[in-house]
2 protein chains.
Amino acid sequence: MTPTAPRRRPTITDVAREAGVAASTVSRAFTRPGRVNAATRDHVLAVAERLGYAPNPAAQALESGRSNTVALVVPDITNPYFAGVIKGAERAAAQAGLTLVLADAQENPAHEEQLVRRLGPAVDGFVLMASRMPDPVLRRTAELNRVVLVNRACTGLASVVADYDDGTRQIVAHLAAHGHRSFVFLGGPAESWSGARRWAGLRAAAREHGLEATRFGPYLPILASGPAAADAVLAHRATAVVAHNDMLAIGVLTRLSARGVAVPEQVSVVGFDNVFGSDFCHPPLTTLAERTEEAGAHAIAGLGQQSSTGTRDTPARVLPTHLVVRASSGPAPDGPG
Amino acid sequence: MTPTAPRRRPTITDVAREAGVAASTVSRAFTRPGRVNAATRDHVLAVAERLGYAPNPAAQALESGRSNTVALVVPDITNPYFAGVIKGAERAAAQAGLTLVLADAQENPAHEEQLVRRLGPAVDGFVLMASRMPDPVLRRTAELNRVVLVNRACTGLASVVADYDDGTRQIVAHLAAHGHRSFVFLGGPAESWSGARRWAGLRAAAREHGLEATRFGPYLPILASGPAAADAVLAHRATAVVAHNDMLAIGVLTRLSARGVAVPEQVSVVGFDNVFGSDFCHPPLTTLAERTEEAGAHAIAGLGQQSSTGTRDTPARVLPTHLVVRASSGPAPDGPG
DNA sequence: GTGAAAGCGCTAACAT
DNA sequence: ATGTTAGCGCTTTCAC
């Protein structure tokens, strides 16, 4: 049997009364320890500690207009792809003395918009990860908030993006080197900005290398889309397939294995993201890795820059990508290799 | 080139002036739409919309003492194990009109404590997932905040826990049915509450079934601990191994495969958590699944209950577990099966 | 049905 | 070095 509701939180006034000083002195003891007599300060801090006092962030924010809190909005917090970005952002935020709150847009632009509206007044800025909001909404959002986009671009807004042009070139070069003459791209959601960039890059690189590229889809970028995607690949008699992301790629691997198709002997499979699991699926997946932690850290830094310089004219930051070659890709069945 | 800092946020006063009414009317138009003339209300809301006004949560919270925000603190937000809990909590929170913020304790009790202290005044309550804070700290925290624990118990505090007693019994029964006479438990961090519960349950069930149980470790519950753990298992000539969690189990699988040990022919492997990846690792992992989404939802509900009833005397809630049998476990090499 | 005024917890002038 | 005062944006009596 525990007591009832939590007891009232001590306020700065409680501490002041208990310590026999004015509220402003208590405030100073916390925020400008130098500007108060050492003895007084120690006494005040001791009383505060005893009472379990902690400054109310809401009140602080109201006064200063700054909450020292930034929000990171991701499309789906349970998608392992975002783990790296979150980690990187967390570390950078902690280092900058900022509290990071995470919010999940639940793959829903409307929900994302509502989230930003609700959180907006309470935070100092947003990192919008792979935002699905349309450009105009994004721009309107940026009028009232500091914003940095990650893996999404929108003219006039700061962003951090992966170098898909180079990354897709690496993928196509890898396939071409193994004697593949064509490949199939399994596309993700139509509204996905990164999906569009990936396909555009693949197509351009294919042209450079004289490969034929075909797009299938769209597929939901999840394991469960594997069977449909894999069956389409088999029907097309493709020797190589590049999936929108690793989840889809792993789903394809599972289906191919179930249908007795050998990977990479009969079909090579390549994914994007290098997510958790891509190294221990069967066979381990060849995939394009991004510097996700760096992206998260840069995004937070970009936010900080906007605060200090008072401008948001941060150039779009492009982060390198690199192909992680594992066992799921190899020589084309009819190729020279 | 975009403008400089975000423009000042419109306040309730701006809307009031623009709409030609008093601030209190604007407030009512939002919070008690019934108590204001329909025409006035529509006009006010239209003006608010045009100005892009959104109520400042900090100010609302300051006044009412309630923020309609709850915090979910997890030890490591990138650990796929927590994904289900997060999803469940999110859904329940949204349904209850609460904003859910996520915070990452970074596997660090001190950081967790600091987080709770900072966030405490700004939220209506905490869901503490697998908290690593010592009991006394937990109790002190609960004096100032509404708290619900998930997969952690502490007398006097509300909690939602998985039924490890029954779950471990399922695991041991499964191994016994396959003719195993003993197994090795690969333990996780010493301070892990669930780790302790898992081992206690396994030991008790082993006694019931006449199996011999040995504990190794502690190991960090991550993939990278696999080699050390697997080698220990081989040196012990064990026929079955139960790992603290799936990450460790998958790490073990990888090492066993590298060392040419057949699973499950030579060694059966069982994990805990049924995480993302346990179904597509090689071989797919037998593991004890928890109802994680339900746990998250119950935790939020528990918080709501504490608010409405004004008491925190929520009974500990025990959620069933079930063994997902996949290809990593089978008959003992020398057994009857 | 609507407006005026007070106050939530805190900080930043401005005294002293 | 410390106390006093005003005000951040909002809600809530209390008048009208």
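The basis for the numbers below is simple: all heavy atoms, side chains too, and nothing from hydrogens, waters or symmetry mates. By convention in this document, chain letters (A, B, ...) are assigned in the order of the sequence lines, proteins followed by strands, and residues within each chain are numbered from 1.
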TODO: Would you indicate whether the side-chain heavy atoms of B/Arg152 and B/Ser159 approach each other to under 4.5 Å?
DONE: no

Gap between atoms [atom1] and [atom2], on [X] and [N] respectively (whole Å):
X: B/Asn68; N: D/dC10; atom1: CG; atom2: P; result: 15 Å
X: B/His43; N: C/dT2; atom1: NE2; atom2: P; result: 12 Å
X: B/Asp14; N: D/dC8; atom1: CG; atom2: C1'; result: 13 Å

Open item on the list: Let's go through B/Arg140 and B/Asp135 carefully: what are the C-alpha distance in whole Å and the side-chain angles of both, what is the deciding distance for salt bridge (Lys or Arg N to Asp or Glu O under 4.0 Å) to 0.1 Å, and is it a yes or a no?
Closed with: CA-CA 9 Å; B/Arg140 187 144 38 80; B/Asp135 276 24; over 6 Å; no

Open item on the list: Does D/dA1 have its OP1 or OP2 closer than 4.0 Å to a side-chain nitrogen or oxygen of A/Thr25?
Closed with: no

- [ ] Identify whether the distance between the nearest side-chain nitrogen and carboxylate oxygen of B/Glu49 and A/Arg117 falls below 4.0 Å.
- [x] yes

Open item on the list: Using modelled atom types and a 3.5 Å cut-off, is there a donor and acceptor pairing between side-chain atoms of B/Arg41 and backbone atoms of B/Pro33?
Closed with: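 Side chain of B/Arg41 to backbone of B/Pro33: a pair is present.
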
Task: Interatomic distance, A/Arg146 atom CZ to A/Gln306 atom CD [nearest 0.5 angstrom] - done: 6.5 Å

Open item on the list: Pair B/Lys87, B/Glu293 - check salt bridge (Lys or Arg N to Asp or Glu O under 4.0 Å), show working.
Closed with: CA-CA 6 Å; B/Lys87 275 293 174 202; B/Glu293 298 211 9; over 6 Å; no

Task: Per-nucleotide protein contact string for nucleotides 8-16 of chain C, where B marks a base within reach and S marks sugar-phosphate only (heavy atoms under 4.0 Å, - for neither) - done: BBSBBB---

